Amino acid sequence: VQLQASGGGLVQPGDSLRLSCTASETTFSKYHMAWFRQAPGKNREFVAAVSRRGGTTYYAHSVKGRFTISRDHGDTVYLQIDRLTPEDTATYFCAAADGLGPWPPREYVDWGRGTQVTVSS
């Protein structure tokens with residue numbers, strides 16, 4: 001599945017942002033979906049995942065309470081980020097995992113191009 005992330009930008013601390021990831025397949029619902037991020041000079045890290053039917057979510061401890069992952073019934077998964085801090089500055093990627101695989105996902109079959117989020121005053 002081809003994935004395209006969007007919605008990033010330059011924001012101020014305390015702002016909110018919603019990222020979107022659109023899939024190319026009409027069978028999008030067969031995938032668990034997740035967001036990752038990679039800050040400059042750091043390894044890519046897991047942020048959040050949503051199950052293929054949207055009923056279950058899973059978050060990295062560091063973002064719990066500020067990040068919300070969701071998906072619609074079409075072809076898009078979202079990441080709502082509230083109370084942004086400079087430490088959230090990173091390139092954000094979406095990824096797809098086999099929806100019949102383990103939960104939370106451990107392996108991802110497709111990755112989208114990232115969208116840059118920069119938090120600065």
Side-chain angles (χ1 to χ4, degrees):
V1 58
Q2 290 185 330
L3 303 171
Q4 179 64 55
S6 62
L10 174 62
V11 296
Q12 294 188 339
D15 284 353
S16 296
L17 202 61
R18 189 174 81 158
L19 308 181
S20 300
C21 174
T22 303
S24 60
E25 287 189 15
T26 57
T27 54
F28 181 55
S29 62
K30 70 179 183 181
Y31 298 99
H32 297 317
M33 296 297 299
W35 286 95
F36 288 75
R37 66 182 179 183
Q38 186 167 18
K42 294 188 177 180
N43 292 330
R44 184 173 59 195
E45 65 171 343
F46 169 81
V47 173
V50 60
S51 60
R52 64 188 182 101
R53 292 176 178 170
T56 306
T57 56
Y58 180 72
Y59 295 93
H61 180 74
S62 61
V63 304
K64 201 174 290 187
R66 288 195 305 118
F67 287 37
T68 304
I69 189 171
S70 63
R71 65 192 299 166
D72 62 21
H73 296 294
D75 58 1
T76 306
V77 61
Y78 304 97
L79 185 69
Q80 175 73 31
I81 310 174
D82 297 319
R83 303 188 303 280
L84 280 150
T85 74
E87 290 68 37
D88 295 319
T89 295
T91 302
Y92 285 73
F93 301 88
C94 55
D98 184 353
L100 298 180
W103 179 263
R106 292 194 291 268
E107 295 182 359
Y108 292 84
V109 297
D110 287 297
W111 294 82
R113 286 191 170 187
T115 185
Q116 177 67 37
V117 174
T118 303
V119 185
S120 176
S121 56

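This structure is a prediction, so every number in the text was calculated from the model and none was measured.
Here the straight-line distance linking atom OG1 of T57 with atom CZ of R71 works out to 12.0 Å at 0.5 Å rounding.
Sorted by first and then second residue, the side chain to side chain donor-acceptor pair (under 3.5 Å) pairs with a member in residues 104-121 read T91-Q116, Q116-T118; sequence neighbours excluded. Note on residues 74-84: pairs passing side chain to side chain donor-acceptor pair (under 3.5 Å), not counting sequence neighbours, are S16-D82, D72-Y78, Q80-D82. For the ring pair (Phe, Tyr, Trp, His ring centres under 6.0 Å) condition, no pair includes a residue of residues 5-30, sequence neighbours left out. Applying the ring pair (Phe, Tyr, Trp, His ring centres under 6.0 Å) test to pairs two or more places apart or on separate chains, those with a residue in residues 83-105 are H32-W103. Residue pairs that meet the disulfide bond (SG atoms under 2.5 Å apart) test with at least one member in residues 6-60, sequence neighbours left out, are C21-C94. Residue pairs meeting the disulfide bond (SG atoms under 2.5 Å apart) criterion with at least one partner in residues 45-90, sequence neighbours excluded, do not occur; the list is empty.
L79 is not connected to F36 by any chain of hydrophobic side-chain contacts under 4.5 Å among Ile, Leu, Val, Met, Phe, Trp and Tyr, and they are in different clusters. Note on Y58 and Y31: separate hydrophobic clusters, where clusters join Ile, Leu, Val, Met, Phe, Trp and Tyr whose side-chain heavy atoms are under 4.5 Å apart, directly or indirectly. Under the 4.5 Å side-chain heavy-atom criterion for ILVMFWY residues, no single connected hydrophobic cluster contains both L17 and L10.
A 4.5 Å side-chain heavy-atom check between V117 and V119 finds at least one atom pair inside the cut-off.
Side chain of Y59 to main chain of G65: no donor-acceptor pair is present (N/O by atom type, distance under 3.5 Å, no hydrogens or angles).
Partners of R18 under the side chain to side chain donor-acceptor pair (under 3.5 Å) rule, at least two apart in sequence or in another chain, do not exist in this structure. Residues forming a side chain to side chain contact (heavy atoms under 4.5 Å, CB included) with K30 (at least two apart in sequence, or on another chain): E25, T27. Annotation: side chain to side chain contact (heavy atoms under 4.5 Å, CB included) contacts of S29 (sequence neighbours excluded): none. Every salt bridge (charged side-chain N to carboxylate O under 4.0 Å, His left out) that R66 has, sequence neighbours left out, goes to D88. With sequence neighbours excluded, no residue forms a side chain to side chain donor-acceptor pair (under 3.5 Å) with S70.
Across all non-hydrogen atoms, the minimal contact from V1 to A23 is CG2-CB, 3.7 Å. Between I81 and L84, the closest heavy-atom pair is CG2-CD2, 3.3 Å.
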Would you give me the side-chain donor-acceptor pairs under 3.5 Å for residues 44-55, sequence neighbours excluded?
from: E45; atom 1: OE2; to: R37; atom 2: NE; distance (Å): 2.6
from: E45; atom 1: OE2; to: R37; atom 2: NH2; distance (Å): 3.2
from: S51; atom 1: OG; to: G55; atom 2: N; distance (Å): 3.2
from: S51; atom 1: OG; to: T56; atom 2: N; distance (Å): 3.0
from: S51; atom 1: OG; to: T56; atom 2: O; distance (Å): 3.4
from: R52; atom 1: NE; to: G99; atom 2: O; distance (Å): 3.4

